[in-house]
Amino acid sequence: MLADCPAQAVLPTSDVDALRPFYEEILGLTPLAVRPGAVIYAAAGGTRLVISRSGGKATGAFTQMSFEVRDIEAEVAELRGRGVVFETYEAPKTTNGIALMPAGRAAWFKDPDGNLIGLIEFAKPV
C-alpha cells in the first residue's frame, strides 16, 4: 500500500522558472529533475519537494511542507542572512521568528508565491 511508497510535497506556482532562484539560490536546493512545468528537488533521507505549475494559488494559511532541522536558531539566522523573512504569530507566539511548540520549536516563512514553509526542531528525535 501507500506506506511502502515514497512521498513528496508539491507546491503550486504560476511560474516555475521565476520561483526556481528562491529554492536553488536562497534555500540551497539542487534540482533532481527538471520537467515541463515542474522541478523536483531532492532533500535528505530520500524525500522530495516539487514546485509545479498550477492555476491554484497558495493561501499561506497553513504549513504546506516543513524541513526538520537540528539547530533552528542557526537555520533561521542563515536564511535571514539570505533575505528570508520569517512570519510573526501570536498563536503560537513567535519570538525572533521561533515558536515553542509541544513537539519542539518551529519557524515559518513564505516563498515568493505565498507557499508557507516550516522549520521544526523536534524536542526529541523522531
Side-chain angles (χ1 to χ4, degrees):
M1 292 298 299
L2 293 179
D4 297 326
C5 299
Q8 59 194 16
V10 180
L11 301 178
T13 181
S14 60
D15 188 341
V16 172
D17 291 332
L19 194 55
R20 285 184 67 180
F22 178 79
Y23 285 91
E24 294 170 23
E25 297 168 18
I26 304 297
L27 300 187
L29 299 174
T30 301
L32 177 65
V34 178
R35 303 282 189 255
V39 178
I40 303 165
Y41 297 98
T47 59
R48 295 180 180 181
L49 159 65
V50 180
I51 56 173
S52 179
R53 184 174 45 234
S54 173
K57 301 261 186 219
T59 66
F62 59 89
T63 305
Q64 292 168 262
M65 69 155 298
S66 63
F67 290 94
E68 182 180 343
V69 299
R70 290 188 180 131
D71 184 343
I72 197 163
E73 290 171 351
E75 293 292 342
V76 166
E78 175 152 352
L79 289 170
R80 274 196 175 125
R82 294 172 176 241
V84 173
V85 176
F86 282 83
E87 299 295 298
T88 301
Y89 298 117
E90 286 301 316
K93 176 71 175 158
T94 53
T95 302
N96 198 26
I98 300 172
L100 182 59
M101 308 284 290
R105 299 188 302 160
W108 298 267
F109 61 90
K110 291 180 182 172
D111 76 8
D113 280 5
N115 294 297
L116 187 61
I117 300 168
L119 303 178
I120 181 79
E121 177 187 320
F122 287 107
K124 296 180 182 176
V126 176

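Every value quoted in this text rests on a predicted model; they were computed, and no experiment measured them.
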Might you point out which heavy atoms bring G118 and T63 nearest each other, and give the distance in Å?
-> N-CG2, 3.9 Å
Please round to the nearest 0.5 Å and tell me the distance separating atom CG of L119 and atom CG of D71.
-> 11.0 Å
Roughly how far apart are K57 NZ and N115 CG, rounded to 0.5 Å?
-> 10.5 Å
dist Y89:OH -> T95:OG1 (nearest 0.5 Å) comes out at 14.5 Å
Over all heavy atoms of both residues, which pair between L32 and A42 is shortest? Give the atoms and the distance, please.
-> CB-N, 4.0 Å
Closest non-hydrogen atom pair between P12 and G56, with its separation = CB-O, 3.8 Å
Heavy-atom check, side chain of R35 versus side chain of S52, under 4.5 Å | no
Interatomic distance, F86 atom CZ to I117 atom CD1 [nearest 0.5 angstrom] | 10.0 Å
Do L79 and L27 come within less than 4.5 Å of each other through their side chains, counting heavy atoms only?
-> yes
Is F109 reachable from L19 through a run of hydrophobic residues whose side-chain heavy atoms are each under 4.5 Å from the next?
-> yes
Any side-chain heavy atom of L116 sitting closer than 4.5 Å to one from E87?
-> yes
So do the side chains of D113 and F22 get within less than 4.5 Å of each other, counting heavy atoms only?
-> no
Do Y41 and Q8 have side chains that get closer than 4.5 Å, going by heavy atoms?
-> no
When every non-hydrogen atom of G114 is compared with those of Q64, the smallest separation belongs to O-OE1, 4.0 Å
Under a 4.5 Å side-chain heavy-atom rule over Ile, Leu, Val, Met, Phe, Trp and Tyr, are V16 and I26 clustered together?
-> yes
First locate atom OG1 of T47, then atom CD of E68, and finally report the distance between them rounded to the nearest 0.5 Å.
-> 10.0 Å
Got V76 and E73 here, is their nearest side-chain heavy-atom distance under 4.5 Å?
-> no
N96 and R80, any side-chain heavy atoms less than 4.5 Å apart | yes
Do L29 and I40 sit in the same hydrophobic cluster, where Ile, Leu, Val, Met, Phe, Trp and Tyr count as joined when their side-chain heavy atoms come under 4.5 Å apart?
-> no
Apply the test side chain to side chain contact (heavy atoms under 4.5 Å, CB included) to residues K110 and W108: give CA-CA distance (whole Å), side-chain angles for both, the deciding distance (0.1 Å), then the verdict.
-> CA-CA 7 Å; K110 291 180 182 172; W108 298 267; over 6 Å; no
Are any non-hydrogen side-chain atoms of V39 and Y23 less than 4.5 angstrom apart?
-> no
Side-chain donor or acceptor of R105 paired with backbone N/O of E121 under 3.5 Å = no
Would R20 and V34 satisfy side chain to side chain contact (heavy atoms under 4.5 Å, CB included), going step by step from the backbone distance to the final call?
-> CA-CA 10 Å; R20 285 184 67 180; V34 178; 4.0 Å; yes
Connected via hydrophobic side-chain network under 4.5 Å: I72 and F67 | yes
Which pair of heavy atoms, one from R82 and one from G28, lies closest together, and at what distance?
-> NH1-N, 4.5 Å
How many angstroms lie between CG in L11 and OG1 in T13, if you round to the nearest 0.5 Å?
-> 9.5 Å
